[in-house]
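First the structure, in the form of structure tokens, and then the observations on it.
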Protein chains: 2
Amino acid sequence: MATGRTHRPATRSRGIPEATVARLPLYLRALTALSERSVPTVSSEELAAAAGVNSAKLRKDFSYLGSYGTRGVGYDVEYLVYQISRELGLTQDWPVVIVGIGNLGAALANYGGFSARGFRVAALIDADPAMAGKPVAGMAVQHTDDLEKIIEENGVSIGVIATPAGAAQQVSERLIAAGVTSILNFAPTVLSVPDGVDVRKVDLSIELQILAFHEQRKAGEEAAAAATEPGSAVGGAAPAAAVVPPAGRTTAEARKGGPEGDVPAVMPA
Amino acid sequence: MATGRTHRPATRSRGIPEATVARLPLYLRALTALSERSVPTVSSEELAAAAGVNSAKLRKDFSYLGSYGTRGVGYDVEYLVYQISRELGLTQDWPVVIVGIGNLGAALANYGGFSARGFRVAALIDADPAMAGKPVAGMAVQHTDDLEKIIEENGVSIGVIATPAGAAQQVSERLIAAGVTSILNFAPTVLSVPDGVDVRKVDLSIELQILAFHEQRKAGEEAAAAATEPGSAVGGAAPAAAVVPPAGRTTAEARKGGPEGDVPAVMPA
DNA sequence: ATGCCTTTGTGAACGCGTGCACAAAGATTG
DNA sequence: CAATCTTTGTGCACGCGTTCACAAAGGCAT
């Protein structure tokens, strides 16, 4: 039910897999680019390449939306842009509030991609009285006291939290109480919200830590590979204590402690 | 996200599932908070609640790291902090460069969470000559011309891209050529990188679109529910339906009726 | 020591997502 | 119209991730 049509076979847009939904914006972006270049049609292979996914996956994704392709030809770009936009709800207007106008909040407010697709920054809200009235991205910052009023008057259902971690939970509660049902959280905290409220989080710190993990793993494998020369690989065992300095990256500080295999420093009783 | 890493069966005893890796930073954050409160031990149930996950999942996650718990008691907080930190590679120092010092790049540079855990901003890089030398977050911005030199001299293996979409691919190529093997991409573009390079993307626009999808779905369900009981209007913060007519269907003019035969009807308002 | 109580660690079942491979559908050409 | 070629749509199998449920393990009181 992209909309409220009740007569529609429930199998259509009701059950779109979450993984597919997450890729639709990707397809939409690629399609928009094609559209601007006035490309009339595109094959699943081409579009998949542009979106960085497997073509079979793309076709399956589109099959959840309906049969919008033409065999032997491909997909009509304009038509697909419209269908995906509609499915994602981008044919509507979504007023959004940003709470917490610090460095990040201000950057988000200035971000052009916001208004690009149906999203409109309805208000910027900050708890600091000194911020109130100040113009950010051509818009006066409003004080947290008016949060509820702003939400209700503008019919806001999506809120963006860019406050410090300590304030995030409370802000989310106020947003939700005022009627917000979707939150995009930039604060490094786990928000606990009632059922029916969607939360997506963007966490720089976590992303970096995940990258660091893989980076360390790569360094470990490199070291292990280098060690393959002398004695054969250690088999299924762990990268062992192959604490060989990463090849080619010997600059900077000497990496203390290898990838793994060093002895635990502390082991409490 | 990550592109490469297809080989490597990951069947290794040390092979930690990707999903688990993604949660480790979450656990670490919760554990750090406990540590600061001097809590000595924590049960899987408590920690899981703090991290917002299922306790069985948490125990299984930890089981990949080894048996660090004590039955009947729980996990030693300090010890676990250390183990996870080590596993994530946070006991090392990770110099990072941020490329693209616009609103977002500057916000990232000022973000405290960076230096918090082993990550150190080694340099801020921008293509605008006017930016060169300017201080941002207490650090002079450097020009893109010196990118390669900076990477090599500082042994940088992680790069953050905060440039406009158009510049991102080229920047990534230069970073990779200079030795970077992990990229955190904030630009709204799909980066194509060689195997062995990890890319994680943070895309505000995509997150919002995913939220919009669910928001629309919720509104549709509400409307459908309301339709069952005629009379009651939809309350809440559902945005006004501003349905746009289908874009010009140039090529497939005389196509079969519509998407599913229906023109986007306005929601039962 | 013995028995009870708490909590971990994990076997097993299930569901989701992915990718292969191919038949069917439509365009296109002769 | 028939043959051929291109590309979609999808059945199927596989692997990963999640969750349940429980036996084993350790602490603690008696």
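Only a predicted model underlies this, so the values are computations on that prediction, with no experimental measurement involved. By convention in this document, chain letters (A, B, ...) are assigned in the order of the sequence lines, proteins followed by strands, and residues within each chain are numbered from 1. Excluded from the calculations below are hydrogen atoms, water molecules and symmetry mates; all remaining heavy atoms, backbone and side chain alike, are included.
For the 3.5 Å distance criterion, the side chains of B:Gln169 and B:Glu173 qualify, holding a donor opposite an acceptor. The closest side-chain donor-acceptor pair between A:Gln209 and A:Ser205 falls under 3.5 angstrom.
Rounded to whole Å, atom P of C:dT6 lies 13 Å from atom CD of B:Glu45. The interatomic distance linking A:Asn54 (CG) with D:dG15 (P) rounds to 17 Å, in whole Å. Residue B:Tyr75 contributes atom OH, which lies 15 Å from atom P of D:dG27 at whole-angstrom precision. Whole-Å rounding puts the A:Leu58 CG to D:dT10 P distance at 14 Å. A straight line from CD of A:Glu46 to P of D:dT6 spans 14 Å, rounded to a whole angstrom. Atom-to-atom, CD of B:Glu18 to C1' of C:dC16 comes out at 17 Å; the value is rounded to the nearest Å. Rounded to whole angstrom, the span from the CZ atom of A:Arg23 across to the P atom of C:dG17 amounts to 9 Å. Counting to the nearest Å, the P atom of C:dT18 and the CZ atom of A:Arg59 are 15 Å from each other.
Checking the phosphate oxygens (OP1, OP2) of D:dT8, a side-chain nitrogen or oxygen of A:Ser44 falls inside 4.0 Å. The shortest distance between the side-chain N/O atoms of A:Ser43 and the OP1/OP2 oxygens of D:dT7 is not below 4.0 Å.
The side chain of A:Ser63 has D:dT10 as its nearest neighbour among D:dT10, C:dA27, C:dT8. In the set C:dG19, D:dA21, C:dG9, D:dA21 carries the atom at the smallest distance from any side-chain atom of B:Ala56. Side-chain proximity of B:Lys57 to D:dC20, D:dT18, D:dG17: nearest is D:dT18. Closest to the side chain of B:Arg71, out of C:dT7, D:dG9, D:dG11, is C:dT7. Minimum atom distance to the side chain of A:Val73 is reached by C:dA27, of the listed C:dA27, C:dG17, D:dT18.
Within 6.0 Å of NZ on A:Lys218 lie more than 12 heavy atoms contributed by other residues, nucleotides or ligands.
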Worked check of side-chain hydrogen bond (donor to acceptor under 3.5 Å, both in side chains) between A:Asp76 and A:Tyr68 = CA-CA 8 Å; A:Asp76 183 273; A:Tyr68 296 152; over 6 Å; no

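When heavy atoms are screened at a 4.0 angstrom cut-off, B:Phe62 is found touching no nucleic acid atom at all.
For C:dG19, its base sits under 3.5 Å from the side chain of A:Lys60 at one donor and acceptor pair at least.
Side-chain N or O atoms of B:Ser85 include one that pairs as donor or acceptor with a backbone N or O of B:Val81 at under 3.5 Å.
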